[in-house]
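Step one of this worksheet: look at the structure below.
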2 protein chains.
Amino acid sequence: MPIGQLDAIDRRILALLQGDARLTNVELAEKVNLSPSPCLRRVRRLEASGIIRGYHAELDRRGVGLELTVFVGIKVERHHEEQANAFREAVVNLPEVVTAHLVSGESDFLLQVVVPSLAAYEAFLTGTLLRLPGVSDIRSHFAIQPVKEYGTLPLANNNKT
Amino acid sequence: MPIGQLDAIDRRILALLQGDARLTNVELAEKVNLSPSPCLRRVRRLEASGIIRGYHAELDRRGVGLELTVFVGIKVERHHEEQANAFREAVVNLPEVVTAHLVSGESDFLLQVVVPSLAAYEAFLTGTLLRLPGVSDIRSHFAIQPVKEYGTLPLANNNKT
DNA sequence: TTAAAAATTGACACAAAATACCAATAAATA
DNA sequence: TATTTATTGGTATTTTGTGTCAATTTTTAA
């Protein structure tokens with residue numbers, strides 16, 4: 001059951017719920033040409049299998065007073081594994097950090113940071129980021145304009161044959 | 001009415017729906033110490049005002065066969081505005097591009113690209129990205145490990161006084 | 001091709017939630 | 001303080017979610 005073999009209907013359900021998580025099961029069932037019962041069962045199965053990880057409201061950042069988004073590339077000295085782990089754990093617990101990835105390339109970590117203002121970012125940078133364990137270099141890329149936000153994942157036919 | 005002055009209850013509603021968009025209005029009302037009716041009315045107002053932009057299911061990328069996330073920095077020649085606009089429009093319509101921002105710093109645009117495999121990324125890079133109008137330089141940063149995904153926005157007290 | 005087994009579906013019934021409307025309360029204004 | 005305005009809580013109705021079961025479809029193997 002945990003094996004993820006998705007059929008066409010599953011994929012349509014995922015795509016629809018990605019677009020609107022508040023769709024009624026009745027509406028959803030109509031759109032995928034099922035009756036409500038089997039449709040609901042599929043959704044529950046997708047939830048239980050972990051393919052649907054959760055449902056979230058998308059908020060307008062400006063509307064909630066978060067005017068500034070910054071992408072931050074961070075180099076970390078990783079002579080010991082411990083240091084990298086300490087860094088990871090610290091990052092996870094920072095509410096300003098919306099997203100964080102270990103990446104290849106020039107930087108080691110790439111964070112997405114959201115703050116109310118430039119002043120707040122300055123404070124966050126000097127007061128928090130620069131003090132994280134093992135940080136050797138930080139590059140800030142300020143988001144000037146969102147071109148595409150919260151895009152949904154492409155669910156065409158990525159099925160494992 | 002469209003003026004966004006959020007009180008403490010509004011902010012708690014937003015935080016809760018950010019965490020779980022499928023909360024029942026009854027549950028939500030309990031958590032914020034309101035009866036269902038005024039709670040629902042607040043939610044509707046937040047939706048109408050645009051502060052709640054939508055509700056989305058969060059999917060497991062691996063689970064839907066999208067094994068690879070790449071952050072792509074792109075430099076675009078912007079001698080004319082037109083070229084930048086053409087680039088923007090093209091990017092918005094690419095399903096593989098989940099997120100795109102115009103940023104300051106070394107690159108002009110920062111994209112988050114999601115694909116099934118390295119081969120698919122190669123094809124996307126050479127077949128699509130490199131052919132976009134005005135592109136002069138591309139740097140790919142492959143996500144090796146997600147440290148923090150889909151973090152919720154920090155909603156402490158960013159109210160405009 | 002046929003027969004048996006398994007999985008999936010659709011319909012029904014019940015419980016729970018969403019929604020609209022009302023009077024009552026609280027807050028804001030003059 | 002008096003009046004207006006906004007917000008709240010309760011009730012009734014409609015809609016939705018959810019579990020059960022028989023019917024259908026699909027799969028598997030002979």
Side-chain angles (χ1 to χ4, degrees), chain A residues 1-60 63-65 155-161, chain B residues 1-60 63-65 155-161:
Chain A
M1 223 187 280
I3 307 113
Q5 201 57 308
L6 305 174
D7 66 10
I9 296 180
D10 288 322
R11 263 182 270 121
R12 285 174 65 194
I13 287 176
L14 292 175
L16 287 164
L17 288 179
Q18 235 195 149
D20 183 1
R22 282 255 161 159
L23 275 177
T24 282
N25 181 57
V26 175
E27 295 169 315
L28 186 63
E30 277 177 17
K31 288 176 193 284
V32 300
N33 292 320
L34 279 180
S35 67
S37 325
C39 182
L40 183 64
R41 217 156 336 130
R42 279 168 179 268
V43 172
R44 291 289 175 267
R45 194 195 316 172
L46 291 168
E47 290 170 348
S49 72
I51 288 182
I52 295 180
R53 294 178 41 159
Y55 302 93
H56 305 283
E58 172 196 340
L59 306 185
D60 182 85
V64 296
L155 294 183
N157 43 357
N158 313 315
N159 245 0
K160 303 150 193 170
T161 39
Chain B
M1 227 187 280
I3 307 113
Q5 199 61 307
L6 306 175
D7 66 12
I9 296 179
D10 288 323
R11 261 181 272 124
R12 284 174 66 196
I13 288 175
L14 291 175
L16 288 164
L17 288 179
Q18 234 195 150
D20 183 1
R22 281 257 162 155
L23 273 177
T24 282
N25 182 57
V26 174
E27 295 169 315
L28 187 63
E30 276 177 18
K31 287 175 193 283
V32 301
N33 292 319
L34 278 180
S35 65
S37 325
C39 184
L40 183 64
R41 218 155 338 133
R42 279 169 180 267
V43 173
R44 292 288 176 266
R45 196 195 313 171
L46 292 167
E47 290 169 349
S49 72
I51 289 181
I52 294 179
R53 294 179 41 161
Y55 302 93
H56 304 283
E58 172 195 342
L59 306 185
D60 181 85
V64 297
L155 294 182
N157 42 359
N158 312 314
N159 245 359
K160 302 151 192 169
T161 39

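These numbers come from the heavy atoms of this one structure, side chains and all, not from hydrogens, waters or symmetry mates.
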Check whether any side-chain heavy atom of [X] lies under 4.5 Å from a side-chain heavy atom of [Y], and answer yes or no.
{"X": "A:L155", "Y": "A:Q18", "answer": "yes"}
{"X": "A:L46", "Y": "A:L6", "answer": "yes"}
{"X": "B:L17", "Y": "B:Y55", "answer": "yes"}
{"X": "B:H56", "Y": "A:H56", "answer": "no"}

Taking atom [atom2] of [N] as reference, at what distance in whole Å does atom [atom1] of [X] sit?
{"X": "B:L28", "N": "D:dG9", "atom1": "CG", "atom2": "C1'", "value": "16 Å"}
{"X": "B:D7", "N": "D:dA6", "atom1": "CG", "atom2": "P", "value": "16 Å"}
{"X": "A:E30", "N": "C:dG10", "atom1": "CD", "atom2": "P", "value": "13 Å"}
{"X": "A:R42", "N": "C:dT8", "atom1": "CZ", "atom2": "C1'", "value": "8 Å"}

Point-to-point distance, once rounded to the nearest 0.5 Å, from OG1 of A:T24 to CG of A:L40: 11.5 Å

Shortest non-hydrogen contact between A:I51 and B:G63, atoms and distance: CD1-O, 3.9 Å

Contact summary for A:N25 and A:C39, nearest pair of heavy atoms: OD1-SG, 3.6 Å

Residues that B:D60 engages under side-chain hydrogen bond (donor to acceptor under 3.5 Å, both in side chains), provided they are two or more places apart: none

Between the first and last five pairs of the helix from C:dT1-D:dA30 to C:dA30-D:dT1, the angle of the axes, rounded to 10 degrees: 50°

Kindly give the atom pairs (protein nitrogen or oxygen, nucleotide nitrogen or oxygen) under 3.5 Å for nucleotides 24-26 of chain C.
none

Set of residues satisfying salt bridge (charged side-chain N to carboxylate O under 4.0 Å, His left out) with respect to A:R41, sequence neighbours excluded: none

Note: B:R42-B:D7 ion pair, threshold 4.0 Å (strictly below): yes

Test item: B:E30 side-chain N/O and B:E27 main-chain N/O as donor-acceptor pair under 3.5 Å: no

B:R22 (side chain) donor-acceptor with A:A21 (main chain) under 3.5 angstrom: yes

Summary of protein contacts for nucleotides 15-23 of chain C, nucleotide by nucleotide, where a base hit scores B, a sugar-phosphate-only hit scores S (4.0 Å, heavy atoms): --SSSB---

Steps toward salt bridge (charged side-chain N to carboxylate O under 4.0 Å, His left out) verdict (A:K31, A:D20): CA-CA 12 Å; A:K31 288 176 193 284; A:D20 183 1; over 6 Å; no

Show each protein N/O and nucleotides 23-28 of chain D N/O combination with a separation under 3.5 Å, one pair to a line.
none

